[in-house]
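Data first, discussion second: the structure below is written as structure tokens.
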Amino acid sequence: MTQDKQPATTIITIEDAGKHVGSTVTIRGWLYNQRESGKLLFPIFRDGTGVIQGVVSLKEHAEAFNALKGLPQESSVIVTGTIRAEARATGGFEMHVSNVEVVQRVSDSEPYPIQLKEHGVDFLLDRRHLWIRTPRQAAILRIRAEAELSARIYMDSQGYTLTDAPIFTPAACEGTSTLFEVNYIDDQKAYLTQSGQLYVEATAAALGKVYTFGPTFRAEKSKTRRHLTEFWMLEPEASFAHLEDMVQLGEGLVSAVVQSVVKNRTRELETIQRDISKLEKIVPPFPRVSYDDAIKVLQKAGNPAKWGDDFGGDEETILSKEFEKPVIIHRYPAAMKAFYMATDEQRPDLSLSFDMIAPEGYGEIIGGGERLANYDTLVKRLREHNLPEEAFQWYLDLRRYGSVPHAGFGLGLERTVAWICGTEHIREVIPFPRMLYRVYP
RNA sequence: UCCCCGGUAGCUCAACGGUAGAGCAUUCGGCUGUUAACCGAAGGGUUGCUAGUUCGAAUCUAGCCCGGGGAGCCA
């Protein structure tokens, strides 16, 4: 390793440029774009924290001018100059460049493929490793990071302990979704987890209030803007908790995440031109609608839904359009929910379940509810769902040894962040999306 | 798995039965305040693949491949 050359001036990040007006400073980054006007150049630099326009004249700084003239896009540079407030520059500041060190010059014969104009989705996804350099994508990834951080801070503040769930699992957690099968050691088969839920039920019985936060895999052949084959899920579980406890935790969590992004990532929200006023309204309580009532709302809106139907994208969109906040739909028919869901004592045809539907048509971001605590009922359900009982013996142990009422939910990180960012597609909110028919790069 | 839509220059698209084009990008030239700068010039194509219809196919037909959106399923 060779030591970087130490410039004589202070090294700053572009996001802090405004604090250095009048000073001569150094920025380390990349040439994002450049315009020419005779003996003036207007390079735009980016460093990951933002972009800033530079200006350099041949007359004043011939060496810097010649270093930048014709320099291909995305060449890496260390530039030194004076920061000035400048209304004509986007961002309000610009750097009068006096010195340029080219770290790596991009080849003229292989120019940087991503231009500042529009590209097709396929083209961009094939170059996702470069696409994330654009200001919009970088801002989205910072918002995702804020969402993850604030979610963990909130969960811990509520007394929940993070207990990581395994990625390799012996069998289906729910039996409904398609699993990725992998070869384990010595001809054994294992499956990539499709939910940490069963494991978090075990850790809840050990630690009380817990959650898991990690990747989840679904081999569903879903080709929509709301689906990934690999996505991140936060799953709380609490012993002695009931449906209403989880509804309150869910709205508290979602509100905390949204408000943290609004507060700490304002600049990024502006970069992606998100309407912040819509996010500021996301505070508890969220509207609650029973499944029974949701059917009535749908029928009123002219939707052909009838009792017993599950909600698809259209139905979710109709329901979410009724409110400015996420809406909680609770007590779905038991028949459409997973085998481990508890039922309502008053109405055995209903499950003690809830979904949270994001506003603006972003779909279900939370699904959860109260779990079946009774051993005999659970065994009966396993058989009804044709699930391999051997693989679930450890899970049944949780009902053999001190079973208690407990509840939890799963929050889909990408759908939540896609809604917060207002992105067209969920693939933009994860650094390297894994989708049906796409595992590159 | 099913249903729709698409595949033409590096990129975004036009041409819809009669010699394959534009803008951007690239290269060269011009310009001292540009905002996806602008002006001028040049290079750049086996129209996804394979058959077929036709005097003639980017264009019509069939099959296949690849991608996008949606349904089902789900976060």
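Labels below follow one simple rule: chain letters A, B, ... track the order of the sequence lines, proteins then strands, and each chain is numbered from 1.
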Practice task
Measure from CG on A:L436 to C1' on B:G72 and round the result to the nearest Å.
Solution key: 13 Å
Completion exercise
Separation of B:G69 atom C1' from A:R438 atom CZ, nearest Å, is 14 Å
Could you go through residues 295-305 of chain A and list every donor-acceptor pair under 3.5 Å that involves a side-chain atom there, pairing it with any protein atom two or more places apart or in another chain?
from	atom 1	to	atom 2	distance (Å)
A:Q299	NE2	A:A305	O	2.9
A:N303	OD1	A:A305	N	2.9
A:N303	ND2	A:E315	OE2	3.3

Handout entry: Length of the CZ-P vector between A:R427 and B:G67, whole Å
Key = 13 Å
Exercise for the section: Taking atom P in both B:C55 and B:G70, compute the distance separating them and give it to the nearest angstrom. Expected result: 45 Å
Exercise for the section: Return the minimal non-hydrogen interatomic distance between A:S98 and A:G81, and the atom names on each side. Expected result: OG-CA, 3.8 Å
Exercise for the section: Would you check if the side chain of A:Q73 reaches a backbone N or O of A:I114 as a donor-acceptor pair within less than 3.5 Å? Expected result: yes
Exercise for the section: Could you tell me whether A:D355 contacts a base, only the sugar-phosphate backbone, or nothing, with contacts defined as non-hydrogen atoms closer than 4.0 Å? Expected result: nothing
Handout entry: Lys/Arg-Asp/Glu bridge criterion (N-O < 4.0 Å) met for A:E364, A:R415
Key = no
Practice task
Please list, chain by chain and in numerical order, all residues satisfying ring-ring contact (aromatic ring centres under 6.0 Å, His included) with A:F65, sequence neighbours excluded.
Solution key: none
Problem - ring-ring contact (aromatic ring centres under 6.0 Å, His included) involving A:F123 - partner list, sequence neighbours excluded - result: A:H119
Problem - Test applied, side chain to side chain donor-acceptor pair (under 3.5 Å); reference residue, A:Y340; option that passes from A:E370, A:R381, A:H385, A:Q197 - result: A:Q197
Exercise for the section: Kindly write out the residues that satisfy side chain to side chain donor-acceptor pair (under 3.5 Å) with A:H61, not counting sequence neighbours, or none if the list is empty. Expected result: none
Problem - Touch class at under 4.0 angstrom, heavy-atom based, for A:M336 against every strand present - result: nothing
Problem - Under 3.5 Å: donor-acceptor pair, side chain of A:T229, backbone of A:A219 - result: no
Problem - Whole-Å P distance, B:U54 and B:U59 - result: 16 Å
Practice task
May I ask you to check whether over 12 heavy atoms, not counting those of A:E384, lie within 6.0 Å of atom CD?
Solution key: yes
Exercise for the section: Take atom CG of A:L31 and atom P of B:A36, then tell me their distance rounded to the nearest Å. Expected result: 16 Å
Practice task
Inspect the contact between A:E428 and A:R136 and indicate whether a charged nitrogen and a carboxylate oxygen are less than 4.0 angstrom apart.
Solution key: yes
Practice task
May I ask you to decide if A:L228's main-chain N or O and A:R434's side chain share a donor-acceptor pair within less than 3.5 Å?
Solution key: no
Completion exercise
Sorted by number, residues from residues 221-233 of chain A placing a heavy atom under 4.0 Å from RNA chain B are A:K221, A:S222, A:K223, A:T224, A:R225, A:R226, A:H227, A:L228, A:F231, A:M233
Fill in the blank from the handout: Atom CG of A:D309 and atom P of B:G72 are separated, to the nearest Å, by 10 Å
Handout entry: Nearest-nucleotide comparison on RNA chain B, the residue closer to the 5′ end among A:D314 and A:E364
Key = A:D314
Problem - Earlier contact from the 5' end, RNA chain B, for A:G412 and A:G312 - result: A:G312
Exercise for the section: Rounded to whole angstrom, note down the P distance from B:C38 over to B:U1. Expected result: 47 Å
Problem - Rounded P spacing from B:G6 to B:U19 in Å - result: 24 Å
Handout entry: A:E424 CD to B:G69 P, straight-line distance once rounded to whole Å
Key = 8 Å
Handout entry: Nearest-Å distance once atom C1' is located in both B:C49 and B:C2
Key = 25 Å
Exercise for the section: Would you mind reporting whether A:F392 and A:L198 have side-chain heavy atoms less than 4.5 Å apart? Expected result: yes
N/O donor to acceptor pairs below 3.5 angstrom from side-chain atoms of residues 321-328 of chain A, sequence neighbours left out:
from	atom 1	to	atom 2	distance (Å)
A:E324	OE2	A:K281	NZ	3.2
A:K325	NZ	A:V283	O	2.9
A:K325	NZ	A:P285	O	3.0

Mind listing the N/O atom pairs, protein and nucleotides 11-14 of chain B, below 3.5 Å?
from	atom 1	to	atom 2	distance (Å)
B:C11	O2'	A:H119	ND1	2.7
B:C11	O2	A:K117	NZ	2.6
B:U12	OP1	A:G120	N	2.8

Problem - P-based separation of B:U26 from B:G21 [nearest Å] - result: 24 Å
Handout entry: Inter-nucleotide P distance (B:G52, B:A42), Å rounded
Key = 40 Å
Exercise for the section: Mark yes or no for whether A:S290, through its side chain, and A:D293, through its backbone, hold a donor-acceptor pair below 3.5 Å. Expected result: yes
Problem - Identified stems (criterion: three or more consecutive Watson-Crick or G-U pairs, under 3.5 Å), RNA chain B - result: B:1-7 with B:65-71, B:10-13 with B:21-24, B:26-30 with B:38-42, B:48-52 with B:60-64
Handout entry: Pairwise P distance for B:U8 and B:G67, with rounding to whole Å
Key = 14 Å
Exercise for the section: Answer with yes or no after comparing the ring centroid distance for A:F311 and A:Y291 against a 6.0 Å cut-off, counting only values under it. Expected result: yes
Handout entry: Value in whole Å for how far the P atom of B:A75 lies from CZ of A:F311
Key = 15 Å
Handout entry: A:W232: ring-ring contact (aromatic ring centres under 6.0 Å, His included) partners, not counting sequence neighbours
Key = A:F213
Fill in the blank from the handout: For nucleotides 28-33 of chain B, 5' to 3', base contacts (B), sugar-phosphate-only contacts (S) and non-contacts (-) with protein non-hydrogen atoms under 4.0 Å give ---BBB
Exercise for the section: Pull out every residue in residues 151-159 of chain A that has a heavy atom closer than 4.0 Å to any atom of RNA chain B, ordered by number, or say none. Expected result: none
Fill in the blank from the handout: Sorted by chain and number, sequence neighbours left out, ring-ring contact (aromatic ring centres under 6.0 Å, His included) with A:F168 holds for A:Y184
Practice task
Give the rounded distance in Å between these two atoms: CD of A:E316 and C1' of B:G70.
Solution key: 14 Å
